[in-house]
Amino acid sequence: MNAREFAAAQWTRATGAGVDPHEYRRVTGGLASVADWAPSFLRTGEAYLERAEQAGSSVSAGEHLLMAARWFHLATLAHDAEARRAAVAADHALSRALSVLEPGARRVSGEGFTGWLRGHSDAPGTVVIVPGLDSAKEEFLDLASSLLARGLAVFAMDGPGQGVLTATTALRPDYERVVGRVVDALGAERVGLVGMSLGGYFAARTAALEPRVAAVATVSGPFRLDWGGLPPPVRDIMALRAGGADAAQDFAHHVDLTALAPRVAAPLLVVDGGQDVIPGVTNGEPLAGLAPHGHYLSVPHGDHLLGNARADWLPRLVDHVTRTLAAASA
């Protein structure tokens with residue numbers, strides 16, 4: 001895949017993460033090869049750090065830092081030698097941004113997870129945003145903002161093999177154990193889960209096995225994965241995150257919600273994009289059908305993570321989670 005094709009493939013993911021589409025075109029338009037991706041995105045993030053230093057107000061500085069976090073995270077998508085440095089830079093930029101913009105935000109870390117708890121302590125519920133195969137807490141800042149705007153608390157996390165933990169941990173199928181430790185650390189009686197891409201599998205699996213999950217939603221999440229049917233780039237990324245090809249193949253074998261879906265007791269919204277091209281992540285309808293309180297939303301023109309169709313699913317998803325958590329706390 002050449003640089004132009006790679007940039008086109010990441011277009012809606014990047015703009016869905018909140019970067020300016022015009023700036024994205026400027027940055028990617030100058031790439032001679034995919035090898036230039038991470039250095040160019042790191043330089044763009046560093047430019048936002050410089051803007052933060054020169055900003056005329058703390059709010060402007062914080063906004064620049066949030067944008068730096070986005071660009072640093074996107075730098076990791078090339079999966080090259082710079083990826084780990086970019087993940088650390090994204091984590092640091094987000095930490096600095098929240099210290100400026102939301103002094104009440106709290107870093108919470110434990111075995112296999114780290115992230116930021118944001119929102120009021122008396123919020124009617126807490127939502128855990130679960131990232132996917134190569135996403136991280138910095139990718140879904142706009143989703144977090146939508147949930148916060150509805151009065152909920154939000155914990156945006158990195159789990160095993162994700163984000164800033166990529167260098168020290170490996171992907172694991174029993175993600176419900178990690179979320180259980182998250183809920184313990186947050187001191188929450190109940191939580192909502194929003195799982196993005198592979199995080200949709202993690203969220204649904206956790207909802208089936210963790211009784212403190214009161215609301216759940218998945219976006220572009222797999223119901224079942226077939227290792228042989230996955231595109232080579234996806235297998236390569238999974239091998240990087242799982243600790244080798246054998247570990248990745250074993251991980252993919254575990255991704256099957258057939259037996260677990262009927263055990264998802266919490267109200268569930270499953271969102272799929274009709275133009276998603278990754279095998280295994282366009283078949284969320286069985287999950288919604290097998291779950292006792294499942295609802296299915298297919299957006300025909302939506303691609304993976306539906307960054308090109310946000311108005312068609314994002315308000316409905318955050319309203320579903322908000323309404324469900326409010327009812328659970330009443």
Side-chain angles (χ1 to χ4, degrees), residues 1-55 60-98 114 131-142 156 158 161-171 196-197 231-243 278 303-305 307:
M1 184 180 294
N2 62 36
R4 179 175 296 181
E5 292 168 337
F6 188 79
Q10 307 300 333
W11 162 252
T12 59
R13 183 170 177 182
T15 55
V19 303
D20 181 84
H22 303 288
E23 186 169 25
Y24 180 84
R25 286 198 176 101
R26 289 197 299 272
V27 172
T28 59
L31 301 180
S33 71
V34 177
D36 296 328
W37 176 277
S40 294
F41 277 60
L42 282 164
R43 284 195 299 271
T44 306
E46 288 160 0
Y48 275 99
L49 296 184
E50 293 176 5
R51 292 186 181 102
E53 294 296 330
Q54 299 167 5
S60 294
E63 290 172 345
H64 288 316
L65 289 165
L66 285 178
M67 194 58 67
R70 292 178 171 98
W71 283 99
F72 287 141
H73 165 65
L74 292 171
T76 69
L77 300 186
H79 305 285
D80 60 10
E82 298 276 21
R84 290 182 177 180
R85 181 168 78 89
V88 171
D91 181 74
H92 286 173
L94 177 60
S95 299
R96 290 179 59 194
L98 293 179
T114 190
L133 179 59
D134 62 351
S135 53
K137 61 187 180 300
E138 294 83 15
E139 185 166 342
F140 306 118
L141 294 172
D142 288 358
D158 291 333
Q162 298 170 324
V164 75
L165 299 182
T166 304
T168 56
T169 60
L171 208 62
M196 309 298 289
S197 189
V234 176
R235 292 203 301 266
D236 291 344
I237 297 169
M238 195 172 290
L240 283 171
R241 297 300 176 105
I278 301 178
D303 56 12
H304 189 63
L305 289 175

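Excluded from the calculations below are hydrogen atoms, water molecules and symmetry mates; all remaining heavy atoms, backbone and side chain alike, are included. Residues take their numbers from the sequence shown, with the count starting at 1. Since this is a predicted model, take the numbers as computed values, not measurements.
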Using the rule given for side-chain contact (heavy atoms from CB on, under 4.5 Å), can you reason through Leu65 versus Leu49, listing the C-alpha separation, both sets of side-chain angles and the distance that settles it, and then say yes or no?
CA-CA 6 Å; Leu65 289 165; Leu49 296 184; 3.6 Å; yes
Determine whether His64 and Gln54 satisfy the following criterion, side-chain contact (heavy atoms from CB on, under 4.5 Å), listing intermediate values before the conclusion.
CA-CA 10 Å; His64 288 316; Gln54 299 167 5; over 6 Å; no
Smallest separation among heavy atoms of Gly161 and Thr169, with atom names
N-OG1, 2.8 Å
Taking all non-hydrogen atoms of both residues, which atom of Arg70 and which atom of Glu138 are closest, and how far apart?
CG-O, 4.2 Å
Interatomic spacing from CZ in Arg13 to OG in Ser197 - rounded to 0.5 Å:
7.0 Å
Taking side chain to side chain contact (heavy atoms under 4.5 Å, CB included) as the test, write out the residues that go with Arg43, two or more places apart.
Pro39, Ser40, Glu46
I'd like a table of donor-acceptor pairs (distance under 3.5 Å, sequence neighbours excluded) in which one partner is a side-chain atom from residues 24-33, with atom names and distances.
| from | atom 1 | to | atom 2 | distance (Å) |
| --- | --- | --- | --- | --- |
| Tyr24 | OH | Ala7 | O | 2.7 |
| Thr28 | OG1 | Tyr24 | O | 2.8 |
| Ser33 | OG | Ala35 | N | 3.3 |

I want to check something: taking the side chain as every heavy atom from C-beta on, are Thr114 and Leu165 in contact at a cut-off of under 4.5 Å?
yes
For side-chain contact (heavy atoms from CB on, under 4.5 Å), just list the numbers for Trp37 and Gln10, CA-CA rounded to whole Å, side-chain angles, deciding distance to a tenth of an Å, and then say yes or no.
CA-CA 11 Å; Trp37 176 277; Gln10 307 300 333; 3.9 Å; yes
Using the ring of each side chain (for Trp, its six-membered ring), is Phe41 parallel, tilted or perpendicular to Trp71, with breaks at 30° and 60°?
tilted
What pair of heavy atoms forms the shortest contact from Gly163 to Ala87, and how long is it?
O-CB, 3.7 Å
Give, for atom CD1 of Ile237 and atom CZ of Arg235, the distance between the pair rounded to the nearest 0.5 Å.
12.0 Å
Could you tell me which non-hydrogen atom of Ala97 sits nearest to which non-hydrogen atom of Gly62, and how far apart they are?
CB-O, 3.7 Å
Do you know the tightest heavy-atom contact between Leu74 and Ala14?
CD1-CB, 3.8 Å
Please determine whether a side-chain nitrogen of the Lys or Arg among Lys137 and Asp91 lies less than 4.0 Å from a carboxylate oxygen of the Asp or Glu.
yes
Heavy-atom side-chain proximity of Asn2 to Glu5 below 4.5 angstrom:
yes
Nearest heavy-atom neighbours spanning Arg241 and Gln162
NH1-CA, 4.0 Å
Would Leu77 and Asp134 count as a side-chain contact (heavy atoms from CB on, under 4.5 Å) if you check the C-alpha gap in whole Å, the side-chain angles of each, and the deciding distance to 0.1 Å?
CA-CA 7 Å; Leu77 300 186; Asp134 62 351; 3.9 Å; yes
Would you compute the distance between atom CZ of Phe140 and atom CG of Leu305 and round it to the nearest 0.5 angstrom?
5.5 Å
To the nearest 0.5 Å, tell me how far Met67 CE sits from Arg51 CZ.
9.5 Å
Are a donor atom and an acceptor atom from the side chains of His79 and Asp236 found within less than 3.5 Å of each other?
no
Does any non-hydrogen side-chain atom of Leu171 lie less than 4.5 Å from one of Leu133?
yes
